[in-house]
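Below, each value reflects all heavy atoms present in this structure, side chains not excepted, and no hydrogens, waters or symmetry copies. Proteins come first, then strands; the chains are lettered A, B, ... in the order of their sequence lines, and each starts at number 1.
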Number of protein chains: 2
Amino acid sequence: MTTIKDVAKLANVSVGTVSRYINGHRIKEENRRKIEEAIHQLNFKSNPFARGLRTNKTLTVGVLIPRITDIFCTQVIEGIEEVLNPLNYSIVICSANDSPEQQSEKLKYLKSKYVDGMIVMPVNSLELDVEEIVDDGIPVVLIDRLVKNCELDAVVCDNVNGAYSAVEMIINKGHRKIGIIAGPQDIYTAQERLTGYLRALTDYNIEINEDYIVYAEYKKDGGIEALNQLLSLKDKPTAVFTTNYPTTVNSMKVIMEKGLKIGEDISLCGYDQTDLFQMFHPPLSVVVQPCREIGISAAEILLKRMNGDFGGHPQIQRLKTKLITTDSVKRLF
Amino acid sequence: MTTIKDVAKLANVSVGTVSRYINGHRIKEENRRKIEEAIHQLNFKSNPFARGLRTNKTLTVGVLIPRITDIFCTQVIEGIEEVLNPLNYSIVICSANDSPEQQSEKLKYLKSKYVDGMIVMPVNSLELDVEEIVDDGIPVVLIDRLVKNCELDAVVCDNVNGAYSAVEMIINKGHRKIGIIAGPQDIYTAQERLTGYLRALTDYNIEINEDYIVYAEYKKDGGIEALNQLLSLKDKPTAVFTTNYPTTVNSMKVIMEKGLKIGEDISLCGYDQTDLFQMFHPPLSVVVQPCREIGISAAEILLKRMNGDFGGHPQIQRLKTKLITTDSVKRLF
DNA sequence: ATCAAAAATTGAAACGTTTCATTTTCTTCA
DNA sequence: TGAAGAAAATGAAACGTTTCAATTTTTGAT
């Protein structure tokens, strides 16, 4: 193991000078040359422990997400990596497995690992015990979901308008009886999407029918019961808007199992995107979120904070969604 | 920041004793009590840098995968986490973005981060410059794919028999003209799956038709051209076996775009599993890999190595696949 | 009660950096 | 050419652990 001392000796300068070179301070041209030569010759790699011991910096950021197998999350991560990896940051990814308890645990865990900053997608919008972390001066950036009573930087989608545009499209195709599978109202995105739905109906003077609003978990198996409830109404909706990935997938599953045809017997518009959604007949209408961009933005804000720039805190960035319109929502005239 | 010294002072013992307590060595009952009390009172957390500086251990393992958005990879990761997280290991995940160059880079990167061990799913089976890492005594466990000239521990699926069982099923449904979209032959799994295909045909005395064997990249857009090639043959195959997730998805896409119906106009059997595959009409026949178990096994082997137990090296573990049989492969009699 | 052996504790060195008060070297201008 | 000021280099302390030789305490046999 070669150390900075070996380099100093070979280059015939002091360790302090080598350290200054490594950290990008100005040194005499001749010494720079000698040090570079020595580093190369000895294949010197600076020891992160020793550095961390002095600086308390790890060049590591923690990313906490609800679930690692969620395609939304992994696309966000790709965006984060795109920004942070070139700067030599490590990313430690933790999954809360959809559980608030595990979320707490992993938060502590990341703190104990001395990450320089965190990007967190909260499991719900009720609680996030980041106080201790923030008090310690570790910057935290939220993604996708805001949390009550948390004054944190955040990058979210414009869920209100995302939902609004979907429902508007459904209305414009002639539907008036529009069901929604909303999410748990303790989740920020779920609230917003419901708001978008309500606002669209209101703007188009369509009366709101409480029976058409059903709630489901935003988890792996969420939405099955909810859709069944909608379909068992005497006066069934002609179109259903599902508001996240699992409820969309599960609704498709239920509809198909019942032998109904999407876009004919019942219209469906979903949320979040998969290649596969566009391969059904007809392809599925969906609200698409700019996942990668969310990751990029979050990483950039975090970077700014980690560099000590706390201007404009808390900075809340809202990204636009995109609507894919297909025949999965039937034109009624 | 409270240190071991503060604890020692409060508990009225020496730092050495506190250290021994922390590392689980035997100490006098009375001291244990006092130390525990002090640690609790001061909310002491041991500093990973200082420890690492002495021990050169990070309690971190690196996981290098071809692509983070690949569902196969993330399920494997869930398995790894299941084993490693309870033991307080951090997992640093790196994606090679399907590029051998990035793979090399990330490998170096992980090494520079002083991970205690690595789990690597290689981008291909040709090269993996882990020599330097292995020479440094950092244990490496391969998953899913073996690499030429690499004597490493590995957890892989029995791809030969996975493919064999799929092709056998197709044969048993009466098909004789069976196409395969094989993968790049520099990828271990692709080789094996082709072998399984060939072996099944041979065992059932079906002549091998070179025209029915086409190759595709195992990447995001792989398989489109390959399937088109099969479908444009004068004597088209009646069934096609696609040998990984992207080629399966893309084949479905091509078939549907041509207005053909899977299980009627052409039979299809794929590889790897998604919820969505079972929602098509008919659902898709696929070879399913035990992703989570792969992760678990790999983590367990790695753990053993990191604890200094090198018995039975290189240990190569082979897990069985499962076949889901549906009407996407038509019964011909 | 005594002593030898075993067990536990102590305290200081070492790990490889960064940092900072000093010292040395370089630059500029009269 | 010399002096003052600026720039760069020096070297030792400090970061918070672990480890190990030396020391103290405990145990158990006589």
Side-chain angles (χ1 to χ4, degrees), chain A residues 1-39 42-60 88 90 111-114 116 136-137 306-308, chain B residues 1-39 42-60 88 90 111-114 116 136-137 306-308:
Chain A
M1 195 83 281
T2 88
T3 75
I4 210 175
K5 276 184 195 160
D6 304 320
V7 175
K9 198 178 296 172
L10 184 60
N12 209 22
V13 296
S14 74
V15 288
T17 305
V18 178
S19 175
R20 294 185 63 243
Y21 164 78
I22 290 170
N23 291 291
H25 298 162
R26 217 196 359 245
I27 65 169
K28 199 160 53 161
E29 188 51 34
E30 187 197 343
N31 287 335
R32 162 190 305 282
R33 231 187 1 78
K34 286 196 291 186
I35 290 172
E36 277 171 355
E37 162 70 16
I39 286 180
L42 297 170
N43 190 24
F44 166 78
K45 297 278 180 339
S46 95
N47 180 314
F49 301 118
R51 160 176 287 176
L53 185 56
R54 285 294 306 202
T55 62
N56 269 317
K57 290 272 170 278
T58 45
L59 272 186
T60 298
N88 217 24
S90 290
K111 187 180 169 225
S112 82
K113 291 288 178 176
Y114 282 59
D116 294 344
D136 269 23
M306 292 193 302
N307 287 330
Chain B
M1 195 82 283
T2 89
T3 76
I4 211 176
K5 276 184 194 160
D6 304 320
V7 174
K9 199 178 294 170
L10 184 60
N12 208 23
V13 296
S14 75
V15 289
T17 305
V18 178
S19 175
R20 294 184 64 242
Y21 165 78
I22 289 170
N23 291 290
H25 298 162
R26 207 177 29 223
I27 66 169
K28 199 163 49 162
E29 188 49 36
E30 187 197 344
N31 287 337
R32 163 190 304 282
R33 233 189 356 82
K34 288 195 290 185
I35 291 173
E36 276 171 356
E37 161 71 14
I39 286 180
L42 297 170
N43 190 25
F44 165 78
K45 296 279 179 343
S46 97
N47 181 315
F49 301 117
R51 161 177 286 175
L53 185 55
R54 284 294 307 202
T55 63
N56 269 317
K57 289 273 171 275
T58 45
L59 271 186
T60 298
N88 216 25
S90 290
K111 187 181 168 223
S112 81
K113 291 288 178 177
Y114 283 61
D116 295 344
D136 269 23
M306 290 192 304
N307 288 330

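One finds a side-chain N or O of A:S14 lying less than 4.0 angstrom from the OP1 or OP2 phosphate oxygen of D:dT10. Close to C:dA8, at under 4.0 Å from its OP1 or OP2, lies no side-chain N or O of B:R20. The side chain of A:T3 places no N or O atom within less than 4.0 Å of a non-bridging phosphate oxygen (OP1 or OP2) of C:dG16. Contact annotation: A:T17 side-chain N/O to D:dT10 OP1/OP2 distance is under 4.0 Å. Under 4.0 angstrom from either OP1 or OP2 of C:dT18 there lies at least one side-chain N or O belonging to A:N23. Between D:dA9 and A:N31, a contact under 4.0 Å exists linking OP1 or OP2 to a side-chain N or O. Distances shorter than 4.0 Å separate none of the side-chain N or O atoms of B:R54 from OP1 or OP2 on D:dT19.
What separates CG of A:L53 from P of C:dA14 is a distance of 17 Å, to the nearest Å. Rounded to an integer number of Å, the gap from A:H25 NE2 to C:dT18 C1' is 10 Å. Between the CD1 atom of B:I35 and the P atom of C:dT10 there is a distance of 9 Å, given to the nearest Å. Nucleotide C:dC15 holds its P atom 14 Å from the OH atom of B:Y114, rounded to whole Å. The interatomic distance linking A:R26 (CZ) with C:dT25 (C1') rounds to 15 Å, in whole Å. Atom-to-atom, CG of A:N12 to P of D:dG11 comes out at 11 Å; the value is rounded to the nearest Å. Note: NZ (A:K57) to C1' (C:dT19) measures 16 Å, nearest angstrom. Spacing between atom CG of A:N47 and atom C1' of D:dC15 amounts to 13 Å, rounded to whole angstrom units.
Results of the side-chain hydrogen bond (donor to acceptor under 3.5 Å, both in side chains) test with A:Y21 over A:R32, A:E36, A:R26 single out A:E36 as the only residue that passes.
Closest-nucleotide positions on DNA chain D for A:V15 and A:E29 were compared, and the one nearer the 5' end corresponds to A:E29. Each of A:K5 and B:K28 was matched to the nucleotide of DNA chain C holding its nearest heavy atom; the match closer to the 5' end belongs to B:K28.
Distance from the side chain of B:I27 is smallest for C:dT9 among the nucleotides D:dA9, C:dT9, C:dT19. You'll find that the side chain of B:M1 is closest to D:dG16, out of D:dT17, D:dG16, C:dT18.
Residue contacts shown for A:Y21 are absent, as no nucleic acid heavy atom lies under 4.0 Å away.
Here the side chain of B:T55 pairs a donor or acceptor atom with the backbone of B:R51 at under 3.5 angstrom.
Counting non-hydrogen atoms of neighbouring residues, nucleotides and ligands closer than 6.0 angstrom, the NZ atom of B:K9 reaches no more than 12 such neighbours.
Residues B:K113 and B:T60 form no side-chain contact, since every pair of their non-hydrogen atoms from C-beta on lies 4.5 Å or further apart.
B:K34 has no carboxylate O lying under 4.0 Å from a charged side-chain N of B:E37, or vice versa, which leaves the two without a salt bridge.
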